[in-house]
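Scroll down for the structure; my scribbles are underneath it.
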Amino acid sequence: MGIIGLKEADCRSCYRCLKVCPVKSIKFTDEQARILDTDCLLCGSCINECPQGAKTLHSDLEAVKRRIASGERVIAAVAPSFFSDFPVDSDGKIAGALRALGFYGTAQVSYAAAYVSREYYRLAQAGEMKNILTTCCPVINDLAEKYYPDMVPYLAPVKSPMVVCGEMVKQQYGPDTVTVFIGPCIAKKGESMDIRHNTQIDYVLNFGDLAQWLEEREIDISACAEEEFLRPNAEIMRLYPVAGGIIKTVKALGPVEKYDFSGVEGIDACKEVFESIRSGEIEHCFIELNACEGGCVNGPARGNMGANRFTGSIKLKKHVARTGTNYPQIPEEPEMHKLFLAREEKRDLPDEATIRAILRKIGKETPAQELNCGSCGYPTCRDKAIAVYQGKAELTMCVPYMRQRAESLSNTVMTQTPNITIIADSDLNIVEFNPAAERAFGISRAQALQKGLYEILDTQDFLGVFDTQNDVTDKKIELPRYGLILMMSIVYIPENNMVMGVFKDITAEEKRRADMLKIREDTVSMAQNVIEKQMIVAQEIASLLGETTAETKVTLTKLKKMLESDGE
């Protein structure tokens with residue numbers, strides 16, 4: 001089961017998720033978006049940007065509840081950004097709320113961050129790395145390993161605070177202790193399952209899960225009693241989720257002369273950094289990389305998505321300034337090394353002839369016809385063609401082409417149909433007038449578009465359709481003014497609040513019908529004359545024929561009735 005799922009009934013093929021995905025790790029099949037788990041960075045953009053709410057996030061909440069209910073020792077490892085996301089005025093109240101939910105205790109991930117910053121400081125003091133890129137953000141780590149493998153040598157070979165925290169808890173309370181990370185980051189779910197350290201954190205809950213759980217239990221954090229954390233106050237390390245917070249903690253350990261410090265926020269900005277390092281423009285820099293603009297306080301799985309990241313950052317900074325900015329005492333020396341690996345997945349690339357063949361299928365015969373509009377989610381038509389070749393995209397994802405095709409088919413139908421077709425808006429202004437209508441009413445389309453429908457037809461039925469939104473089907477009308485007899489159907493178009501009248505010209509059919517009726521009437525009249533003449537003859541020879549006369553009358557009467565019946 002993937003971390004990010006899909007509610008198929010809600011996916012409307014708007015391609016919004018693909019447009020915001022920084023690495024295009026979404027495949028469209030049968031007009032449904034599918035996350036490519038091996039490619040995905042778990043940045044959460046597709047979830048938060050989906051206008052239909054079609055993306056789902058796998059939750060460990062029920063599993064955590066079961067572990068607590070079973071009586072096991074379950075310890076929460078809470079990210080420091082909780083203070084910017086929940087209505088608390090002290091750190092201890094979040095620990096109290098978690099105790100009320102049944103947790104054995106609460107560890108501060110920010111305390112473990114002190115070990116991470118100390119390792120960063122040691123790397124910076126040694127000065128052996130050409131550049132040092134922080135590795136606390138799993139999104140950026142995956143970006144480098146999967147898409148910029150040449151950046152791996154610059155990644156600081158240090159575990160993240162979450163992994164270190166989980167490891168320390170299990171060392172202190174036993175390997176059977178259940179550890180639950182709680183934070184605003186979706187990618188932590190993927191990091192917790194990384195085979196390099198998948199025993200440190202057992203479950204990951206996001207702040208949304210926690211908010212839901214507290215609401216279910218009717219627990220008000222602000223009213224909770226304060227509880228002590230399992231480790232001392234993390235002090236300045238609580239600035240980790242704020243942009244630039246990691247740099248501040250490293251500098252708090254002492255001066256670093258061998259590197260210039262810089263912070264970068266946002267995946268696109270991090271890509272630019274990678275490109276600059278690749279081109280040799282950046283050297284001897286210590287760079288704090290955050291996938292989320294503003295840092296973790298703007299994580300994709302915050303409990304209060306309506307909160308402003310700037311106010312959250314200010315709130316957290318003020319709280320840290322008020323309650324302690326020292327570097328915490330960290331006597332242990334846990335194993336901090338992490339090996340980063342190039343994990344780029346090589347995909348077959350089409351040659352130029354194949355790309356051009358794919359583009360021709362969507363009406364792009366020449367490069368000049370490549371709009372590069374991005375409506376499909378890919379930046380260029382060529383990128384989309386490559387995705388089609390790789391099975392990640394469908395030809396029909398080209399919105400301009402499909403619109404052009406639909407318009408072309410629509411125009412063909414309107415032009416070629418022998419039926420008179422007129423479309424009018426709610427003010428009964430004519431907005432479409434096909435060639436059959438031009439021939440029938442003797443005016444051009446351009447002239448018709450300047451007229452109201454009432455200038456051509458009786459609009460009573462059209463007004464009725466607007467009022468009731470019930471269609472009219474196969475109603476015969478006569479237009480003596482134009483010498484026409486028509487079979488009329490009127491259809492309401494709710495998307496545009498318009499009506500479309502389709503008229504089949506049955507004038508010739510009605511004339512033939514009238515002609516046939518006249519022939520039958522004449523035939524009946526002739527039959528009557530024959531009967532009368534035969535009766536006269538019959539009377540004259542009645543004495544000779546006897547009952548034959550009566551039989552003749554019956555026979556001729558039957559013939560007359562038969563002819564009259566045929567006329568009907």
Side-chain angles (χ1 to χ4, degrees), residues 1-62 139 142-143 146-147 186-187 189-190 193 204 206 208-209 267 291 300-301 305 345-350 354-355 357-364 370-410 494-495:
M1 178 180 179
I3 294 173
I4 298 176
L6 174 74
K7 292 185 285 188
E8 294 187 3
D10 294 332
C11 182
R12 305 298 176 83
S13 298
C14 67
Y15 312 128
R16 176 64 180 166
C17 56
L18 190 57
K19 292 174 186 176
V20 299
C21 179
V23 292
K24 310 305 176 191
S25 60
I26 298 173
K27 175 181 180 179
F28 272 84
T29 305
D30 298 328
E31 299 185 349
Q32 296 284 294
R34 311 284 180 187
I35 304 298
L36 297 171
D37 294 328
T38 56
D39 296 358
C40 181
L41 303 179
L42 294 174
C43 66
S45 297
C46 62
I47 294 177
N48 293 331
E49 291 290 338
C50 179
Q52 304 300 326
K55 302 296 185 299
T56 61
L57 180 63
H58 173 71
S59 175
D60 290 335
L61 181 56
E62 295 306 316
V139 174
D142 278 357
L143 178 67
K146 294 180 179 181
Y147 296 95
I186 293 172
K189 290 178 177 286
M193 295 185 286
V204 172
N206 58 55
D209 291 325
I267 296 176
M305 293 302 293
E345 184 173 340
K346 298 290 185 180
R347 281 197 167 88
D348 187 24
L349 293 175
T354 302
I355 292 175
I358 293 172
L359 289 171
R360 279 195 293 273
K361 290 181 180 179
I362 51 176
K364 302 181 189 305
E370 298 173 23
L371 299 179
N372 301 326
C373 64
S375 60
C376 65
Y378 288 94
T380 69
C381 296
R382 289 179 63 84
D383 289 327
K384 188 274 184 83
I386 293 171
V388 169
Y389 174 80
Q390 294 175 340
K392 295 171 60 177
E394 298 176 309
L395 282 171
T396 54
M397 290 169 60
C398 182
V399 176
Y401 169 70
M402 293 305 293
R403 182 175 65 244
Q404 182 181 13
R405 182 182 178 188
E407 290 174 352
S408 176
L409 289 172
S410 176
E495 294 83 1

Side chains of Met397 and Tyr378: closer than 4.5 Å at any heavy-atom pair?
-> yes
Of all heavy-atom pairs linking Ile267 and Cys43, the shortest is CD1-CB, 3.7 Å
Is the shortest side-chain N to carboxylate O distance from Arg16 to Glu49 below 4.0 Å?
-> yes
Any donor-acceptor N or O pair under 3.5 Å, side chains Asn372, Thr380 | no
Above 12 or not: heavy atoms from other molecules or residues under 6.0 Å from CD of Glu31?
-> no
Could you tell me whether the side chain of Asn206 and the main chain of Gly208 form a donor-acceptor pair under 3.5 Å?
-> yes
Check: Pro300 main-chain N/O paired with Asn48 side-chain donor or acceptor under 3.5 Å = yes
Without swapping roles, check the side chain of Lys24 against the backbone of Gly377 for a donor-acceptor pair under 3.5 Å.
-> yes
Please report the shortest heavy-atom distance between Ile355 and Ile386, naming the atom on each side.
-> CD1-CG1, 4.1 Å
Could you walk me through whether Phe28 and Tyr15 pass the ring pair (Phe, Tyr, Trp, His ring centres under 6.0 Å) test, one step at a time?
-> CA-CA 9 Å; Phe28 272 84; Tyr15 312 128; 5.0 Å; yes
Electrostatic pair Arg347:Asp39 at N-O distance under 4.0 angstrom = yes
State, to 0.1 Å, how close Leu371 and Cys381 come at their nearest heavy-atom pair, and which atoms those are.
-> N-SG, 3.6 Å
What heavy-atom pair brings Leu6 and Cys11 nearest, and what distance separates the two atoms?
-> CD1-CB, 3.9 Å
Output, in order, the C-alpha distance, side-chain angles, deciding distance and verdict of side chain to side chain contact (heavy atoms under 4.5 Å, CB included) for Thr29 and Lys27.
-> CA-CA 6 Å; Thr29 305; Lys27 175 181 180 179; 3.4 Å; yes
So do Cys398 and Lys364 actually touch side chain to side chain, heavy atoms under 4.5 Å?
-> yes
When you check the gap from the basic side-chain N to the acidic O, do Arg34 and Glu8 get nearer than 4.0 Å?
-> yes
Side chain of Asp142, backbone of Leu41: donor and acceptor closer than 3.5 Å?
-> no
Can a donor-acceptor pair be found between the side chains of Tyr389 and Asp348 at a distance below 3.5 Å?
-> yes
Lys7 backbone acceptor or donor facing Lys55 side chain under 3.5 Å = no
Does the side chain of Ile35 reach to within under 4.5 Å of the side chain of Cys46, using non-hydrogen atoms?
-> yes
Backbone of Thr38 reached by a side-chain donor or acceptor of Glu345 within 3.5 Å | no
